[in-house]
Amino acid sequence: MSLQSVQAFLAEHAPDIEVTEMDASLATVALAAQALGVADGQIAKTLSLRTGDDIIVLVMRGDARIDNRKYKQQFGTKARMLEASEVEDITGHPVGGVCPFGLARPLSVFCDVSLKAFTEVFPAGGAQHAAVRITPERMAVLVNAQWVDVAQG
């Protein structure tokens, strides 16, 4: 169902963009980068985080880590990942396939400025074997994301 929600979202909002499905697993940054033939940083990993009573989605380059000080300064709280068992219920996407497109419910989406180092990035496509090729700027516009600077470095 998750892959279909991403395909439906893109068909409605960006019909020129397709979800690429592969036989290989794209569930981790390393697997996705290897299968797609790109640098780890070009994989746009999507994290589901709890900020107090709210849940947000944060997209950042695959080789980046959250800078706890920057994150707390931006969101007013410590970064806390959702439990793996909660992710699919809340986002509509399975772990390893989470992306900012076709979410099960409205969630605030944030894109880290670290993504801007690349002309193209590859977020998941709603399944562990699917990805989307897109520019960081277009991704942010499509999902109404706010740009933040919360990555280390």
Side-chain angles (χ1 to χ4, degrees), residues 1-51 55-67 70-71 74-75 79 81-82 84 86-153:
M1 192 75 151
S2 180
L3 173 62
Q4 290 79 20
S5 72
V6 173
Q7 290 170 326
F9 176 91
L10 292 173
E12 181 179 344
H13 301 284
D16 58 308
I17 298 175
E18 294 183 5
V19 178
T20 300
E21 294 181 72
M22 303 187 80
D23 291 331
S25 173
L26 308 177
T28 67
V29 169
L31 289 173
Q34 182 178 8
L36 295 166
V38 298
D40 287 359
Q42 282 184 270
I43 304 304
K45 67 181 174 186
T46 304
L47 307 175
S48 309
L49 299 145
R50 197 174 298 282
T51 59
I55 295 169
I56 65 163
V57 172
L58 172 64
V59 187
M60 58 194 316
R61 61 186 283 162
D63 58 359
R65 298 178 60 92
I66 291 175
D67 180 310
K70 287 181 178 179
Y71 186 93
Q74 176 70 46
F75 296 106
M81 300 283 290
L82 292 182
E86 300 176 289
V87 172
E88 191 164 4
D89 285 341
I90 292 171
T91 67
H93 304 313
V95 172
V98 178
C99 66
F101 312 113
L103 295 167
R105 63 172 92 162
L107 297 172
S108 296
V109 179
F110 297 87
C111 288
D112 188 80
V113 296
S114 62
L115 293 166
K116 291 183 177 185
F118 302 101
T119 56
E120 289 184 323
V121 294
F122 297 82
Q128 294 182 354
H129 63 279
V132 176
R133 175 191 301 254
I134 192 167
T135 67
E137 293 79 9
R138 184 148 187 222
M139 177 176 58
V141 168
L142 284 173
V143 298
N144 198 29
Q146 179 181 333
W147 287 101
V148 294
D149 181 5
V150 296
Q152 292 177 359

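It should be emphasised that the depicted structure is a prediction, and the values quoted were computed from it without experimental measurement.
At distances below 3.5 Å, at least one donor-acceptor pair connects side-chain atoms of Ser2 with backbone N or O atoms of Gly92. Asp40 places no side-chain N or O within 3.5 Å of a backbone atom of Gly62 that could act as its donor or acceptor partner. The closest donor-acceptor contact from the side chain of Gln42 to the backbone of Glu120 lies under 3.5 Å. With hydrogens and angles disregarded, a donor-acceptor distance shorter than 3.5 Å links the side chain of Lys70 to the backbone of Ala151.
For the pair Val148/Tyr71, no side-chain contact is recorded, criterion being any heavy-atom separation below 4.5 Å from C-beta on. In this structure the side chain of Met22 reaches within 4.5 angstrom of the side chain of Leu36, judged on heavy atoms. Counting only heavy atoms from C-beta outward, the side chains of Glu88 and Val95 never approach each other to under 4.5 Å. Put simply, the side chain of Asp63 does not reach to within 4.5 Å of the side chain of Val29, judged on heavy atoms. Contact check for Cys99 versus Val132: no side-chain heavy atoms found under the 4.5 Å cut-off. Residues His93 and Val6 have side chains in contact (heavy-atom distance under 4.5 Å, counting atoms from C-beta outward). Side-chain contact check for Arg65 versus Met60: every heavy-atom pair is 4.5 Å or farther apart.
Considering all non-hydrogen atoms of both residues, Leu3 and Ala127 come closest at CB-CB, 4.3 Å. Residue Thr135 comes nearest to Thr119 through the heavy atom pair CG2-O, 3.3 Å, listed as atom of the first residue, atom of the second, then distance. Across every non-hydrogen atom of Pro136 and Val121, the tightest pair is CG-CG1, 3.9 Å. Of all non-hydrogen atoms in Met139 and Pro123, the two that sit nearest each other are SD-CG, 3.9 Å. For Leu142 against Ala14, the heavy-atom pair with the smallest separation is CD1-CB, 3.8 Å. Scanning both residues, Gly41 and Arg61, for their nearest heavy atoms gives O-CB, 3.1 Å.
By the 4.0 Å N-to-carboxylate-O rule, Arg138 lies close enough to Asp16 to be salt-bridged with it.
One finds the CD1 atom of Ile55 at 11.5 Å from the CG atom of Leu103 (value rounded to the nearest 0.5 Å). Of the inter-residue distances, the one linking Gln74 atom CD with Leu58 atom CG reads 9.5 Å to the nearest 0.5 angstrom. Summarising the geometry, atom CD1 belonging to Ile90 is positioned 5.0 Å from atom CZ belonging to Arg105; distances are rounded to the nearest 0.5 Å. Rounding to the nearest 0.5 Å places CD of Glu21 at 4.5 Å from NE2 of His129. Between the CG atom of Asp149 and the SG atom of Cys111 there is a distance of 13.0 Å, given to the nearest 0.5 Å. Between atom CG of residue Asp112 and atom CG of residue Asp67 there is a gap of 10.0 Å, rounded to the nearest 0.5 Å.
For Phe110, the ring pair (Phe, Tyr, Trp, His ring centres under 6.0 Å) test picks out Phe75, with sequence neighbours left out.
The ring-ring contact (aromatic ring centres under 6.0 Å, His included) analysis of residues 7-32, with sequence neighbours excluded, yields the pairs Phe9-His13, Phe9-Phe101.
Annotation for Gln34: atom CD does not count as buried by contact number, only 12 or fewer foreign heavy atoms lying within 6.0 Å. In Glu18, the CD atom is not crowded: 12 or fewer heavy atoms of neighbouring residues, nucleotides or ligands sit closer than 6.0 Å.
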